[in-house]
Protein chains: 2
Amino acid sequence: MSSGIIPLPIHVEPETRTQAGPTFHLGDCRDILSDYPNDYFDLIITSPPYADARKNTYGGIHPDDYVTWFLARTAVFQRVLKPNGTFILNIKEQAKNGERHTYVLDLILALRTQGWLWTEEFIWHKKNCHPGKWPNRFRDAWERCLQFNLNRKFNMYQDAVRIPMGDWSKERLKKLGKNDVRRFTSQVESGFGKNIQNWVGRDLAYPSNVLHMATECGNKNHSATFPKGLPKWFIKLFTQEGDYVLDPFVGSGTSCHVAHELNRHSVGIDTVEDYIKQAQHVYD
Amino acid sequence: MSSGIIPLPIHVEPETRTQAGPTFHLGDCRDILSDYPNDYFDLIITSPPYADARKNTYGGIHPDDYVTWFLARTAVFQRVLKPNGTFILNIKEQAKNGERHTYVLDLILALRTQGWLWTEEFIWHKKNCHPGKWPNRFRDAWERCLQFNLNRKFNMYQDAVRIPMGDWSKERLKKLGKNDVRRFTSQVESGFGKNIQNWVGRDLAYPSNVLHMATECGNKNHSATFPKGLPKWFIKLFTQEGDYVLDPFVGSGTSCHVAHELNRHSVGIDTVEDYIKQAQHVYD
DNA sequence: AGCTCTTATGAATCATTGA
DNA sequence: GTCAATGATTCATAAGAGC
């Protein structure tokens, strides 16, 4: 797992670190992370505020300024991420004036210039996407989950996300009710079944780079959460128990909550006080 | 449908045009299309040769040269595509040396500079993608289907691609749930009311921008075939009967065969004689 | 156990208005 | 005229409850 003693962040009290829950910080991740040592995190996973022309809103960074704004933060991520760690970025460009924005494409290219390797692009297929109907466009049912690394060798625990498949599972399905079969099937397709543990050890297959997940936002106060299953999958794939996970735009805290459930240490940062209070409140 | 008389391409014999089948040309689409008039096609759909560092193979264009190579052709596409037409580009960057290539991102940006609007990015989810296992990567189960347009107003026939609704909806329409009624009646408050008028008598649903289609290994001679369902979907969505479809990198001819089945005129071009012979052979 | 019914819920998009 | 803010308009699915 971890190799040697990991120094504690300077400003974090020891009793905070020995608490059961994640560590939450209020502030800009650039500033907060300056107190963290090099090579500290095994995984950085985040769904940052998307570019938005509207001012005075959370995430109101103009598309034209977005790359510059973002790279100032990813420069710090490079320092605190372990050499064998992974950075997962969940993002999707909106349509504006009939066209898709290009700032995400610009961002990928800029991150490579900054030194990141663009290892993979996972697709999150949102099975229950936002309603709507337009003459020139169907509903947007997917988002990008971009994987970046610092080295070509990185930690990946593929066995942790295997899914049941094959003849054996068919036998098993015979014993289940019709409703259960339908739900199980969707679990198999998605790779995010709740009760995957029950099938561990028998005829497991590896998933692909398309993730089928319904959106389920447990928290109505924060509009921008991803469903628990999404960070869960990546945390299992790229970390082991006892590892360190960072979400620098943690919002309502989903990724840290999940990391905690999976026995990973985690740090969540956000500039909005309400989110941090609310995320922390679970552990008070 | 078509408005007025469409001039015939100069070098195409009249009997060719009155034949039942598509028109196939051997050669570089830049050259072949020079004989076609402006504003001729309603849809250009193609799966071009992907960038490949290997020389002397079909599609062996080096990634560094790909954008320049491609833009020389899309400049011609702009001329022969109708103002209200659509250009669908099926493409996916490979992984090389542990990273995804970026030439597709570069291409999207370059096409916008050339004057195309990047209207949408559809995801083709390949349900049965190639098996395989790598230590740092899962199976690649998706490809991009990039939609480009010349104008913000373009032809789109959404009803042509509606799909059957799930079973759950049939009974539901008989007796709408309490929640449906409540949200409908309080549309202004909730912002998510259902327009019940749109539901009554409907058993078809509109798709999203994620397409689920299995790959077919119909033709082993051509490596870059897409399954029939993919061009079929886009041809139905963006053209009507009697319209004109172009595939400038037609390969084994799939998109033209499908266009023909759907009573659209079609033109297929390829630089490889074997492909053209084979595509044409069906109609001899 | 299996079926039906009910409820919950989502980072949207575009036309219009106003600065 | 361009740009930014506001408002109106949109489905489809998963999962739970109840019989």
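Just so we're on the same page: letters track the sequence lines, and every chain starts at 1. What you see below is based on every heavy atom in this structure, not just the backbone, and it leaves out hydrogens, waters and symmetry mates.
Look at R100(A) and D140(A) and you find a salt bridge, because one of the NZ, NE, NH1 or NH2 atoms lies within 4.0 Å of a carboxylate O, short of that distance. We find that R73(A) and D28(A) are joined by a salt bridge, their nearest charged nitrogen and carboxylate oxygen being less than 4.0 Å apart. One finds no salt bridge joining E121(A) and K92(B) here, because no Lys/Arg side-chain nitrogen approaches an Asp/Glu carboxylate oxygen to under 4.0 Å. One finds no salt bridge joining R137(A) and E99(A) here, because no Lys/Arg side-chain nitrogen approaches an Asp/Glu carboxylate oxygen to under 4.0 Å.
Rounded to an integer number of Å, the gap from CG of D140(A) to P of dA12(D) is 15 Å. The nearest whole Å value for the distance from the CD atom in Q158(B) to the P atom in dC14(C) is 11 Å. The interatomic distance linking W142(A) (CH2) with dA12(C) (P) rounds to 15 Å, in whole Å. The nearest whole Å value for the distance from the NE2 atom in H101(A) to the P atom in dT13(C) is 10 Å. Taking atom NZ of K228(A) as the reference point, atom P of dG10(C) lies 15 Å away to the nearest angstrom. Rounded to whole angstrom, the span from the CG atom of L89(A) across to the C1' atom of dA11(C) amounts to 13 Å. For the pair Y206(B) OH and dC11(D) C1', the interatomic distance rounds to 11 Å; values are reported in whole Å. For M213(A) and dA11(C), the CE to P distance is 11 Å, given to the nearest whole Å.
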Just the dot-bracket of DNA chain C, please: which string comes out with Watson-Crick or G-U pairs under 3.5 Å, [ ] for crossing, | for another strand? .|||||||||.||||||||
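Among the nucleotides dT13(C), dA11(C), dA12(C), the one closest to the side chain of Y50(A) is dA11(C). Of the candidate nucleotides dA11(C), dC14(C), dT13(C), dC14(C) has the atom lying nearest to any side-chain atom of N136(A). With dA14(D), dA11(C), dA12(C) as the choices, the nucleotide that has an atom nearest any side-chain atom of S47(A) turns out to be dA11(C). If you check dA12(C), dT13(D), dC11(D) against the side chain of K127(A), the one that comes closest is dT13(D).
Mapping K153(B) and E143(A) onto DNA chain C via the closest heavy atom, the residue that lands nearer the 5' end is E143(A). With the nearest nucleotide of DNA chain C identified for both R139(A) and E120(B), R139(A) has the one nearer the 5' end.
Taking atom C1' on both dA15(D) and dA11(C), the two are 23 Å apart, rounded to the nearest angstrom.
Under 4.0 angstrom from either OP1 or OP2 of dA11(C) there lies at least one side-chain N or O belonging to K126(A). Look at H130(A) and you'll find a side-chain N or O under 4.0 angstrom from OP1 or OP2 of dA12(C). Put simply, K96(A) has no side-chain N or O that comes within less than 4.0 Å of OP1 or OP2 on dT13(C). Neither OP1 nor OP2 of dC3(D) sits under 4.0 Å from any side-chain N or O of H62(A). Distances shorter than 4.0 Å separate none of the side-chain N or O atoms of R137(A) from OP1 or OP2 on dA12(C).
Across all strands shown, R100(A) has heavy atoms under 4.0 Å from sugar-phosphate atoms exclusively, and none from any base. Across all strands, P48(A) comes closer than 4.0 Å to base atoms (heavy-atom distances). As judged by a 4.0 angstrom heavy-atom cut-off over every strand, N97(A) is placed among residues making no nucleic acid contact.
The side-chain tip of K126(B) points at the ring of W124(B) from less than 6.0 angstrom away and within 45° of straight on.
Side-chain atoms of F148(A) and T74(A), non-hydrogen and from C-beta on, never get closer than 4.5 Å to each other. Side-chain contact between I45(A) and L230(A) is absent, with no heavy-atom pair separated by less than 4.5 Å.
The line from CG of L146(B) to CG of N90(B) is 8.5 Å long, rounded to the nearest 0.5 Å.
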